[in-house]
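Numbers for residues simply follow the sequence, beginning at 1. Just so it is clear, the values below take in all heavy atoms, side chains as well, and ignore hydrogens, waters and symmetry mates.
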Amino acid sequence: MLSRAFTKPKRSFKEYGENSRSGSISEYDDCIVGFIDDLPLIPCENNGPSLSLKEVLRTSVSVMGENARGLTEKVVLSNARLCTLKRFRKVIVRKSEFGRRVEKLAQVCNNCDYLVPITAYLYAKRIKLVVSDYYPMGSLADLLSGGRRGQTALNWNERVIIIESIARAISFIHGQSPETVKNMKMNVHGNIKSSNIMINIDLTARLSDYGFVQLADCVQDCDTKEKRATTHNIYCENLSQKSDVFNFGMVLLDMLGGVQDLSYMDCIVKLEESIKQGDIPFFEFHMKGKERKQALKVLEIALACTSSLPETRPSVHQILFDLTHLLKTSK
């Protein structure tokens, strides 16, 4: 499993502009660095590293991910420190509001062991970005995909650790008070999915991109439209706690049985008893006895979270209570 930390980075994309197709910032910097003054990034933590725009642009080494909201890159700083740089396509707030929101989000993230810390940010005329911690094991989506391609798959105990970490992260967010600060919802994540769940070396997890949907909008160019047309968007995009719970349930179903299509949901509900009896194979990993009982209970939680009626979905606090009780009774 530790081999994830040493895999080769993805190839960078060829172009990236404010209204163009996405690409590596390290390639785009040839166009931008020579035309702007170097700007200091604003740190979000006491004694945080002193970073500049040109430094992070020039030390970006690979594209980690891309979506309609922006581009995520791996940065190797001159002192060998690794960071993640997220650059937004279309920020929806003005400069002062962007800074205020990022700093509020950073205060929450930097006080929770289950959220990815935010270290710095910048709002400039041609570029808006956030810098956060880097996780060499990659995301949950990476690990699940690798296991399905023949790499070492996560076993049940490792999946349990990740599930509990995610639940604790969401519980911390949903417990934020005050719930709203100057038109920004502090008690909602807004974009929970497997690619936003980063994995530590010890297999604990941290949730990334908290509140970023309240910083930037999606931009659908030809490339991203084509991708969305050929893939199923299984996650709910509403900014609410019930949507967070639904997305957590979809992550659970992906971790249990590789469910990545909403059209399977009704089928799983109808066949739940047959799955429990073992008449129909569902789980994508080997287990038996106590582990199977745990997995079946998590399946129940996942189906409750993904109910078509938002009002019937459990709160994350109830989910965390059930998970904690399940793990305690099984030890």
Handout entry: Candidate pair Leu256 and Arg159, rule side-chain contact (heavy atoms from CB on, under 4.5 Å), full reasoning
Key = CA-CA 9 Å; Leu256 292 173; Arg159 293 174 198 242; over 6 Å; no
Practice task
Look at the side chain of Asn79 and the backbone N and O of Arg81, then say whether any donor-acceptor pair between them is shorter than 3.5 Å.
Solution key: yes
Practice task
Kindly compute the distance separating OH (Tyr210) from CG (Asn196), expressed to the nearest 0.5 Å.
Solution key: 14.5 Å
Practice task
Say whether Asp142 and Ser145, considering side chains only, have a donor N or O and an acceptor N or O under 3.5 Å apart.
Solution key: no
Problem - Sidechain-backbone polar pair: Lys128 side chain, Lys125 backbone, donor-acceptor under 3.5 Å - result: yes
Problem - salt bridge (Lys or Arg N to Asp or Glu O under 4.0 Å) assessment of Asp209 paired with Arg69 - result: CA-CA 11 Å; Asp209 287 32; Arg69 188 164 279 109; over 6 Å; no
Practice task
Anything under 30° is parallel, anything over 60° is perpendicular, the rest tilted; go ahead and classify Phe321 against His325.
Solution key: parallel
Problem - Short side-chain to backbone donor-acceptor contact, Arg101 and Gln214, under 3.5 Å - result: yes
Exercise for the section: Give, for atom CZ of Arg100 and atom CZ of Arg94, the distance between the pair rounded to the nearest 0.5 Å. Expected result: 14.5 Å
Problem - Same apolar cluster: Val93 and Tyr123, side chain cutoff 4.5 Å - result: yes
Handout entry: Considering all heavy atoms, the nearest Ile199-Tyr135 contact
Key = O-CB, 3.7 Å
Practice task
Determine yes or no for a side-chain-to-main-chain donor-acceptor pair under 3.5 angstrom, with Lys104 supplying the side chain and Val181 the backbone.
Solution key: no
Problem - Atom of Gly249, atom of Ala302 and distance for their closest heavy-atom approach - result: O-CB, 3.8 Å
Exercise for the section: State whether the number of non-hydrogen atoms from other residues, nucleotides or ligands found under 6.0 Å of Glu179 atom CD is greater than 12. Expected result: no
Exercise for the section: Give a yes or no on whether Phe172 and Val188 share a hydrophobic cluster (residues Ile, Leu, Val, Met, Phe, Trp, Tyr; joining criterion: side-chain heavy atoms under 4.5 Å apart). Expected result: no
Practice task
Give a yes or no on whether Asp279 atom CG has more than 12 heavy-atom contacts from other residues, nucleotides or ligands under 6.0 Å away.
Solution key: yes
Problem - Ionic contact status for Asp254 with Arg148, cut-off 4.0 Å - result: yes
Problem - Exercise: do Asn111 and Gln107 side chains pair donor with acceptor under 3.5 Å - result: no
Handout entry: Flag side-chain contact, heavy atom, 4.5 Å: Leu296 against Phe283
Key = yes
Problem - Nearest heavy-atom neighbours spanning Leu203 and Ile161 - result: O-CG2, 3.4 Å
Exercise for the section: Find out if a path of hydrophobic residues (ILVMFWY) with successive side-chain heavy-atom gaps under 4.5 Å connects Met287 to Leu252. Expected result: yes
Handout entry: Side chains of Phe282 and Leu271 in contact at under 4.5 Å (non-hydrogen atoms)
Key = no
Exercise for the section: Answer whether the closest heavy-atom distance between the side chains of Pro136 and Ile201 falls below 4.5 Å. Expected result: yes
Handout entry: Test item: Ile170 and His189 side chains (from C-beta on) under 4.5 Å apart, heavy atoms
Key = no
Practice task
Go through Lys193 and Asn247 one step at a time and tell me if the side-chain contact (heavy atoms from CB on, under 4.5 Å) criterion holds.
Solution key: CA-CA 6 Å; Lys193 55 185 178 181; Asn247 290 344; over 6 Å; no
Handout entry: For Cys109 against Val116, the heavy-atom pair lying closest together
Key = CB-O, 3.4 Å
Handout entry: Heavy-atom check, side chain of Gln294 versus side chain of Leu326, under 4.5 Å
Key = yes
Practice task
For the residue pair Leu41 and Leu129, establish whether any side-chain heavy-atom pair is separated by less than 4.5 Å.
Solution key: yes
Problem - Taking every non-hydrogen atom, the tightest pair across Tyr121 and Val102 - result: CD2-CG1, 3.6 Å
Exercise for the section: Provide the closest heavy-atom pair for Ser195 versus Ser139 in the form atom of the first, atom of the second, distance. Expected result: O-CB, 3.7 Å
Practice task
Indicate yes or no: does Asp133 engage Arg206 in a salt bridge with an N to O separation below 4.0 Å.
Solution key: no
Exercise for the section: Supply the atom-to-atom distance Glu272 CD to Gln277 CD, rounded to the nearest 0.5 angstrom. Expected result: 11.0 Å
Problem - Validation row: Ile173, Leu115 side chains within 4.5 angstrom (heavy atoms) - result: yes
Handout entry: Backbone N/O of Ile92 and side chain of Asp217: donor-acceptor pair under 3.5 Å
Key = no
Handout entry: Check against side-chain contact (heavy atoms from CB on, under 4.5 Å), Glu164 and Leu323
Key = CA-CA 7 Å; Glu164 185 177 13; Leu323 286 173; 5.5 Å; no
Handout entry: Validation row: Val251, Tyr235 side chains within 4.5 angstrom (heavy atoms)
Key = yes
Practice task
Output, in order, the C-alpha distance, side-chain angles, deciding distance and verdict of side-chain contact (heavy atoms from CB on, under 4.5 Å) for Val75 and Val131.
Solution key: CA-CA 9 Å; Val75 173; Val131 177; over 6 Å; no
Exercise for the section: Please check if Val316 and Tyr114 belong to a single hydrophobic cluster, counting links between Ile, Leu, Val, Met, Phe, Trp and Tyr side chain heavy atoms closer than 4.5 Å. Expected result: no
Exercise for the section: Could you tell me whether a side-chain N or O of Ser171 sits under 3.5 Å from a main-chain N or O of Ala167, the two making a donor and an acceptor? Expected result: no
Problem - Test ring-ring contact (aromatic ring centres under 6.0 Å, His included) applied to Phe246 - qualifying residues, sequence neighbours left out - result: none
Problem - Salt bridge flag under 4.0 Å for residues Lys276 and Glu300 - result: yes
Handout entry: Nearest-0.5 Å distance that lies between atom CZ in Phe212 and atom CG in Leu105
Key = 7.0 Å
Problem - Expected output: side-chain Lys86 to main-chain Gly70 donor-acceptor under 3.5 Å - result: no
Handout entry: From CD1 (Ile197) to CD1 (Ile192), nearest 0.5 Å
Key = 7.5 Å
Handout entry: Geometric class of the Phe285/Trp156 ring pair [parallel <30°, tilted 30-60°, perpendicular >60°]
Key = parallel
Handout entry: Hydrophobic cluster identity match, Val298 and Ile268, side-chain contacts under 4.5 Å
Key = yes
Practice task
Supply the atom-to-atom distance Ile127 CD1 to Arg87 CZ, rounded to the nearest 0.5 angstrom.
Solution key: 4.5 Å
Problem - Donor-acceptor contact present, side-chain Asn187 to main-chain Ser177, <3.5 Å - result: no
